[in-house]
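Data block below; observations after.
What's counted below: heavy atoms across the whole structure, side chains too, no hydrogens, waters or symmetry copies. A note on names: the letters A, B, ... follow the listed sequences, proteins ahead of strands, and every chain is numbered from 1.
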2 protein chains.
Amino acid sequence: MRCRHAGSISCVTPLYEQQDDFLAMAESLCRQRQQRFTELRRQVLSLICAAEQPLGAYALLDMLKAKGRSAAPPTVYRALDFLQQQGLVHRLASNNTYLACAHPQQPHEAVFLVCRQCGNTRELHTDGIYRALSRQARDAGFLAEHAAVEVSGLCTRCRDITTPEAAEK
Amino acid sequence: MRCRHAGSISCVTPLYEQQDDFLAMAESLCRQRQQRFTELRRQVLSLICAAEQPLGAYALLDMLKAKGRSAAPPTVYRALDFLQQQGLVHRLASNNTYLACAHPQQPHEAVFLVCRQCGNTRELHTDGIYRALSRQARDAGFLAEHAAVEVSGLCTRCRDITTPEAAEK
DNA sequence: CATGTTATGTTATAATATAACATTATCGAC
DNA sequence: GTCGATAATGTTATATTATAACATAACATG
């Protein structure tokens, strides 16, 4: 299913259902930018986009080790730094996890909906909120450069489980 | 200078210029809620609201020790947990720091403007953004409970220092 | 293929936060 | 007041997240 954004990746379909396309896109994007999409970086991105939930750095580390790769914390953090610079991965400050981003082509700003129950996280692309934020910041004399908007709550599924009656409506 | 919000504390004046009023307000608020505003909690809140910038937990720990108080990490974290529950203190996830909140009376949602240069942080109270966020979340089937909105950039002073020509406009 | 640059390996450690259990203080019932 | 329950703090240990520093390996390019 396509979304309203440019590019071959859809942000309305979970990335773990389009891993191959996503990795191919990442590779070509890095080539365009003359950046090296090394095996390590590919592996880390692959793990992140195969996961249903955002992953912590040490979870990634364990997975790399489980794959037989020699790895230490800097191994993971350096790969994550690179992927973040390329816009392929976002870091969630509210729970120290990392997730893949469907639309790294142009730097954008996103709103994250983080389910406190199951950890599933959706990325919304909502220009309006960022425009409003920038404007309010400017009115306060502040030059906004980046905004982290992380909403915690309950996703559809977990809300229905928690309050079953709500599901029947 | 008063602000548009209820209560005796103004959020347009730095809290370190109204420490006594702020601590008195905190004390009466806790009494109303039948919560204990102990000496430790008062000290931690006092340190936080005396600071110009948000403080890290270990900076607070060092300050407590410097005051001759026996303190270990849990000392600080427990006090911070309490103060957050009472709405007197917010935690900034983007840099792991804690700051005082001028309007703990009713749970509210805030936007933080964090200067990446000097660390100074302003809290904006902007209902509009939160309404928009909640609505967008709801449209995505998500029940929003809390939103952390942390904007990083440059405050007026640091922007002028960084790009002096801008100051002349 | 020599050389500078970028990426990775490796060890150690910093910074942030919590678990677990002992002790002390406070509140209410009596 | 004192007893018992609850809440708060003290204390030690450890978990979790992240970075510093330096060595080695891989790659790009003349």
Per-nucleotide protein contact string for nucleotides 15-26 of chain C (B base, S sugar-phosphate only, - none; heavy atom under 4.0 Å): -BBBBB-----S
Between D/dT17 (P) and A/Q84 (CD): distance, integer Å: 15 Å
Rounded interatomic separation in angstrom, taking CD from A/Q86 and P from C/dT6: 14 Å
Whether over 12 other heavy atoms sit under 6.0 Å from A/D20 CG: no
For atom CZ of B/R31 and atom P of C/dC27, their distance in whole Å: 12 Å
Rounded distance (Å) that lies between atom P of C/dT11 and atom CG of A/L61: 14 Å
D/dT11 phosphate, OP1 or OP2, under 4.0 Å from B/S70 side-chain N/O: yes
Whole angstrom value for the distance that separates P of C/dC27 from CD of B/Q35: 12 Å
Linked, directly or transitively: A/L133 and B/V114 (ILVMFWY side chains, under 4.5 Å): no
Joint hydrophobic cluster, A/V89 plus A/L64, side-chain heavy atoms closer than 4.5 Å: yes
Interface with DNA chain D, restricted to residues 38-55 of chain B and to heavy atoms under 4.0 Å: B/T38, B/L40, B/R41
Residue whose nearest DNA chain D nucleotide is more 5′ - A/Q34 or B/F82: B/F82
Separation of atom CG in A/L80 from atom C1' in D/dT17, rounded to whole Å: 12 Å
Distance (rounded to the nearest 0.5 Å) between B/L23 CG and B/I9 CD1: 8.5 Å
Whole angstrom value for the distance that separates C1' of D/dT9 from CZ of B/R69: 8 Å
Partner of B/T121 by side chain to side chain contact (heavy atoms under 4.5 Å, CB included), out of B/L92, B/V151, B/L113, B/T97: B/L92
Geometric class of the B/H103/B/H5 ring pair [parallel <30°, tilted 30-60°, perpendicular >60°]: tilted
Among B/L40, B/D81, B/L55, B/L61, the one residue meeting side chain to side chain contact (heavy atoms under 4.5 Å, CB included) with B/V76: B/L61
A/Q84 and A/R91: side chain donor to acceptor below 3.5 Å: no
B/T75 side-chain N/O to D/dT11 phosphate OP1/OP2 under 4.0 Å: no
Pairs meeting criterion ring pair (Phe, Tyr, Trp, His ring centres under 6.0 Å) with involvement of residues 39-98 of chain B, two or more places apart: B/H90-B/H108, B/H90-B/F112
